[in-house]
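Both backbone and side-chain heavy atoms feed into the values below; hydrogens, waters and symmetry mates do not.
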Amino acid sequence: MNGKVWLIGAGPGDVELLTLKAVRALGEAHVVLIDDLVNRDVLRFVQAGVRVIEVGKRGGCRSTPQAFIERKMVQLAREGLTVARVKGGDPYVFGRGGEEVETLCRAGITVEVVSGITAGIGVPAALGIPVTHREICRVVTLVTGNTRSGEQPDWRALAGSGTTLVIYMGLHNLRRIVEELQAGGLAPDTPAAVVQQGTVSGQRLLISRLDQLADAVE
């Protein structure tokens, strides 16, 4: 009999933002595969003696190959084990959850996704920044500033979209992003914020005008 894989979103960092379902799934696991960006405090909900496998993924650093992670989940589940695959944020929001579910389904492995609070919603909320507001902005766009292919979103089109832009993994290309948004018509004095280590100790927040943002970050 095959085991099962729980694909768990651990939220933006603060362990108290875990869902009750995530805590239950962690407690059922025989083995845990945990991403580098996940707060290790979540392991307090794992039973003693459970094997923990580090499968780190951090931008700009050496990372565990995605193909290895997927093969490992299939292998462990076929051994009859319950596997907790723990990711930061939400598995389906820039978390490769869709790829992993496809692989597990093709292998005939039962998988259940446990939603987590994605950083693009949870971090602004923790800082008192509403991403939508009836009097200011009624639409929010979540977009990544860094892709595997290096291809960038159409920043000029997004500048004219009239939405709150929440940009994940945008620091590396920040200056280019700012230039493209302004070229697309976004006003230089548009309020902008950059957050590092959101919701955990070491959190840093910078608020600036759009046209001064890259220099302020540097």
Side-chain angles (χ1 to χ4, degrees), residues 9-18 35-41 56-63 87-97 115-218:
D14 182 351
V15 71
E16 293 186 344
L17 294 177
L18 276 176
D35 267 359
D36 190 50
L37 292 174
V38 176
N39 186 341
R40 290 311 184 263
D41 285 349
K57 286 191 175 296
R58 186 182 290 270
C61 301
R62 186 175 180 179
S63 298
K87 298 169 168 290
D90 182 271
Y92 280 169
V93 182
F94 305 122
R96 305 189 185 187
S115 297
I117 298 174
T118 185
I121 303 300
V123 171
L127 295 167
I129 301 173
V131 295
T132 63
H133 189 294
R134 286 196 304 169
E135 305 301 324
I136 300 169
C137 187
R138 301 183 181 186
V139 184
V140 59
T141 299
L142 307 181
V143 59
T144 179
N146 184 35
T147 62
R148 182 169 59 182
S149 66
E151 183 180 353
Q152 288 288 296
D154 189 340
W155 297 113
R156 298 191 185 198
L158 288 169
S161 65
T163 77
T164 300
L165 296 179
V166 180
I167 303 171
Y168 292 67
M169 299 168 284
L171 278 180
H172 180 70
N173 296 312
L174 180 61
R175 191 169 294 277
R176 176 183 175 185
I177 291 169
V178 168
E179 291 172 352
E180 287 292 303
L181 289 173
Q182 289 186 92
L186 203 56
D189 63 351
T190 300
V194 173
V195 187
Q196 184 179 51
Q197 295 289 95
T199 78
V200 296
S201 62
Q203 175 179 281
R204 302 171 73 189
L205 167 66
L206 184 151
I207 296 177
S208 171
R209 291 166 47 115
L210 177 65
D211 60 349
Q212 299 171 1
L213 189 62
D215 289 337
V217 168
E218 288 181 4

**Message:** Using every non-hydrogen atom in the two residues, find where Pro124 and Ala119 come nearest and quote the distance to one decimal.
**Reply:** CD-O, 3.3 Å

**Message:** Rounded to the nearest 0.5 Å, what separates atom CG in Leu186 from atom CG in Leu158?
**Reply:** 10.0 Å

**Complete:** In this structure, OG1 of Thr199 is separated from CG of Asn39 (nearest 0.5 Å) by 8.0 Å

**Arg134, CZ atom: more than 12 neighbouring heavy atoms under 6.0 Å** = no

**Message:** Checking Leu37 against Lys87 for the side-chain contact (heavy atoms from CB on, under 4.5 Å) test, could you report, in this order, the C-alpha distance in whole Å, the side-chain angles of both residues, the deciding distance, and whether it holds?
**Reply:** CA-CA 8 Å; Leu37 292 174; Lys87 298 169 168 290; over 6 Å; no

**Message:** Checking the side chain of Gln152 only, and the main-chain atoms of Gly145 only, is there a donor and an acceptor separated by less than 3.5 Å?
**Reply:** yes

**Message:** Restricting to non-hydrogen atoms, name the atom on Trp155 and the atom on Ile167 that form the minimum distance, rounded to 0.1 Å.
**Reply:** CZ3-CD1, 3.7 Å

**Asked** Closest approach of Pro153 and Val143, non-hydrogen atoms and distance?
**Response** CG-CG2, 3.6 Å

**Spacing of CG belonging to Leu171 relative to CZ belonging to Arg175, to within rounding of 0.5 Å** = 12.0 Å

**Message:** Among Val131, Val140, Thr141, which residue satisfies the side-chain contact (heavy atoms from CB on, under 4.5 Å) criterion with Leu165?
**Reply:** Thr141

**Request:** Kindly compute the distance separating CD1 (Ile177) from NE2 (His172), expressed to the nearest 0.5 Å.
**Result:** 10.0 Å

**Prompt:** Considering all heavy atoms of both residues, which atom of Ala193 and which atom of Leu205 are nearest to each other, and what is their separation?
**Reply:** CB-CD1, 4.1 Å

**Asked** Any chance CD of Glu16 has more than 12 other-residue heavy atoms, nucleotides or ligands included, within less than 6.0 Å?
**Response** no

**Request:** Tell me, with the steps shown, if Thr132 and Arg138 meet side-chain contact (heavy atoms from CB on, under 4.5 Å).
**Result:** CA-CA 5 Å; Thr132 63; Arg138 301 183 181 186; 5.9 Å; no

**Prompt:** Quick one: CG on Leu206 to CG on Leu213, what's the gap to the nearest 0.5 Å?
**Reply:** 6.5 Å

**Item:** Heavy-atom donor-acceptor pair, Arg40 side chain to Val38 backbone, under 3.5 Å
**Value:** yes

**Asked** Roughly how far, to the nearest 0.5 Å, is the CG atom of Leu127 from the CD1 atom of Ile207?
**Response** 8.0 Å

**Item:** Main-chain N/O of Gly88 paired to Asp35 side chain as donor or acceptor, under 3.5 Å
**Value:** no

**Contact summary for Ser115 and Pro91, nearest pair of heavy atoms** = CA-CD, 4.5 Å

**Asked** Do you know which two heavy atoms are closest between Thr118 and Tyr168, and how far apart they sit?
**Response** OG1-OH, 2.5 Å

